Amino acid sequence: MSSLAKIAPEKIAPEAPPAESIDYKSIALLSAAHLTDDVNQGVVPAMLPFFIASDHLTYAAAAGLILAQTLSSSVVQPLFGMLADRRPSPWLIPVGLSFAGIGVALAGIAPTYALIFAAIALSGFGISAFHPEAARRVRYLSGSRQASTMRLFTVGGMAGFALGPLMITPILIAFGTHGAIVLALPVIIMAFAVTFQMPRLAAAHAISSNRTSARSLVDEPEQWGDFIRLTVVVILRSMVFFGLNTFIPLYWNHVLGGSRKGGAFALTTLLTAVTIGTLVGGHMADRYGRKIVITVSLAVLTPLMLVFLGLHSFAAASLLLVAVGLALSASNSVVVVMAQEFLPNRVGLAAGVTLGLSMTIGGLMMPLFGSIADHHGLTPTLLLLSMVPALSCALSLTLHEPGTNPPATS
């Protein structure tokens, strides 16, 4: 009764959508916010060649900047998710956005490696605050089409990753790393837009969360065994994503002999394919099931990466990057929805783990891969990285489709 009493006053909010409707306006806003937020993850790998040139960093030190952002953007995400599950905190969305952009902007003008590291870590902390609460809002705004709308939200983030290098590279070429200060402007504008719509977001959550939570508690027991295995699958896949995100611009410059602009274009090509793959994978999962999309996409990733490493033509390598991006991202939105279905009573925690903590290992491994690159070269490093999807694929075969409630994991 007490929880219903708390929710009842919010039900009469004039702008709240009907309980079973899909609030596309609010979902579009959150997807745009996700794009603006994740631009600040996409720009960091594109900035590495400029930091290497201006600050004379080693590959390992440059990869350490990826570690700074990944640790701060991932480790505490489950904590923000648990906070959101216990007490809705919509203010985390605009505050997280602001820190995400301002941190990277400050990194561009920081005079020392330690301050660059700290500024990028601040950006990651903002990213961490943004994701779980925003993902919860999307779930409760989605009516009965949660997989489809989560796909739209996820694509916003992937588009941000793709646009980041394309947007920042010309600025860095013209103004050096100091040009990164422009990254503060988009997040501040979007934070104000989200704050303006906060009453609508809160009202929609108040109506939908009580209905969804009650149904989940009755009909959908939690499947912790499958959730843990899925988390490991995502961890392994994240190693590949962060490895490619970190080393593709450097590989393009130092192995294929392309320009820094060409390296940024290659990264944008990869991340554009990642965006498209997220849309396609979500549609395929709705049609054929979550597990098959995850398993098949991981199964083809290793051979595609091996073919890419054997190419020396810029055109052919660009085409292979498209295929690699599609395979790498087909399960992006699928794993988030699948995790929330495995833990229907802890959707914030599930989002925090799959969008955040599980990605930490990818960032944690980057200094190690950077050290391997320093000692053995970029090609052997990427060759080693190409073996990881095969292991992830094997583990994905042990997953059950959500809702089957196998005795061992229910």
Side-chain angles (χ1 to χ4, degrees), residues 33-76 93-130 157 160-194 242 245-250 253 259-265 267-268 271 363 366-367 370:
H34 197 190
L35 184 153
T36 307
D37 181 83
D38 281 11
V39 159
N40 299 288
Q41 293 195 73
V43 298
V44 174
M47 294 172 72
L48 295 185
F50 296 89
F51 283 129
I52 289 172
S54 63
D55 295 273
H56 309 289
L57 303 182
T58 64
Y59 288 144
L65 298 178
I66 301 295
L67 170 66
Q69 188 178 65
T70 305
L71 277 177
S72 57
S73 68
S74 303
V75 171
V76 295
I93 300 175
V95 170
L97 274 171
S98 300
F99 281 134
I102 291 171
V104 176
L106 292 175
I109 61 175
T112 67
Y113 179 79
L115 289 176
I116 294 171
F117 191 97
I120 289 178
L122 175 65
S123 171
F125 189 81
I127 291 166
S128 182
F130 169 83
F161 266 102
L163 289 174
L166 190 64
M167 179 183 74
I168 198 63
T169 300
I171 297 173
L172 296 176
I173 290 174
F175 303 104
T177 57
H178 287 69
I181 196 70
V182 302
L183 293 169
L185 184 60
V187 294
I188 292 173
I189 293 173
M190 185 57 68
F192 276 113
V194 172
F242 275 102
N245 206 36
T246 301
F247 295 113
I248 284 298
L250 302 175
N253 299 159
S259 65
R260 288 186 295 183
K261 182 180 287 188
F265 174 78
L267 184 58
T268 297
L271 296 177
M366 288 309 98

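As the structure is a prediction and not an experimental result, all values here were calculated from the model.
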Quiz item: When rounded to the nearest 0.5 angstrom, what is the spacing between CD1 in Ile168 and CG in Leu183?
Solution: 4.0 Å
Quiz item: Shortest non-hydrogen contact from Met47 to Ala180?
Solution: CE-CB, 3.8 Å
Exercise. For Pro186, enumerate each residue passing the side-chain contact (heavy atoms from CB on, under 4.5 Å) test, keeping only those at least two apart in sequence or located in another chain.
Key: Thr36
Exercise. First locate atom CG of Asn245, then atom CE of Met366, and finally report the distance between them rounded to the nearest 0.5 Å.
Key: 9.5 Å
Quiz item: Looking at Ser259 and Gly262, what are the two nearest heavy atoms and their distance?
Solution: OG-N, 2.9 Å
Practice problem: Mark yes when over 12 heavy atoms from residues, nucleotides or ligands other than Phe265 sit less than 6.0 Å from its CZ; otherwise mark no. | Solution: no
Quiz prompt | Value rounded to 0.5 Å, distance of CZ in Phe51 from CG in Leu48 | solution = 8.0 Å
Quiz item: When you measure from the side chain of Asn253 to the backbone N and O of Leu250, does any donor-acceptor pair fall under 3.5 Å?
Solution: no
Quiz item: Would you say the side-chain atoms of Ser72 pair up with the backbone N or O of Gln69, donor to acceptor, closer than 3.5 Å?
Solution: yes
Self-check item: Value rounded to 0.5 Å, distance of CZ in Phe50 from NE2 in His178
Solution: 14.5 Å
I'd like a table of donor-acceptor pairs (distance under 3.5 Å, sequence neighbours excluded) in which one partner is a side-chain atom from residues 97-126, with atom names and distances.
| residue | atom | partner | partner atom | Å |
| --- | --- | --- | --- | --- |
| Ser98 | OG | Pro94 | O | 3.0 |
| Thr112 | OG1 | Leu115 | N | 3.3 |
| Tyr113 | OH | Ala61 | O | 2.7 |
| Ser123 | OG | Ala100 | O | 2.6 |

Exercise. Could you pull out all residues at least two apart from Pro165 that satisfy side-chain contact (heavy atoms from CB on, under 4.5 Å)?
Key: Ala46, Leu267, Thr268, Leu271
Practice problem: Output the distance between atom OG1 (Thr169) and atom CD1 (Ile173), rounded to the nearest 0.5 Å. | Solution: 6.0 Å
Quiz item: Rounded to the nearest 0.5 Å, how far apart are CD1 of Ile52 and OG1 of Thr58?
Solution: 8.0 Å
Quiz item: Hey, does the side chain of Gln41 reach the backbone of Gly164 with a donor-acceptor pair shorter than 3.5 angstrom?
Solution: no
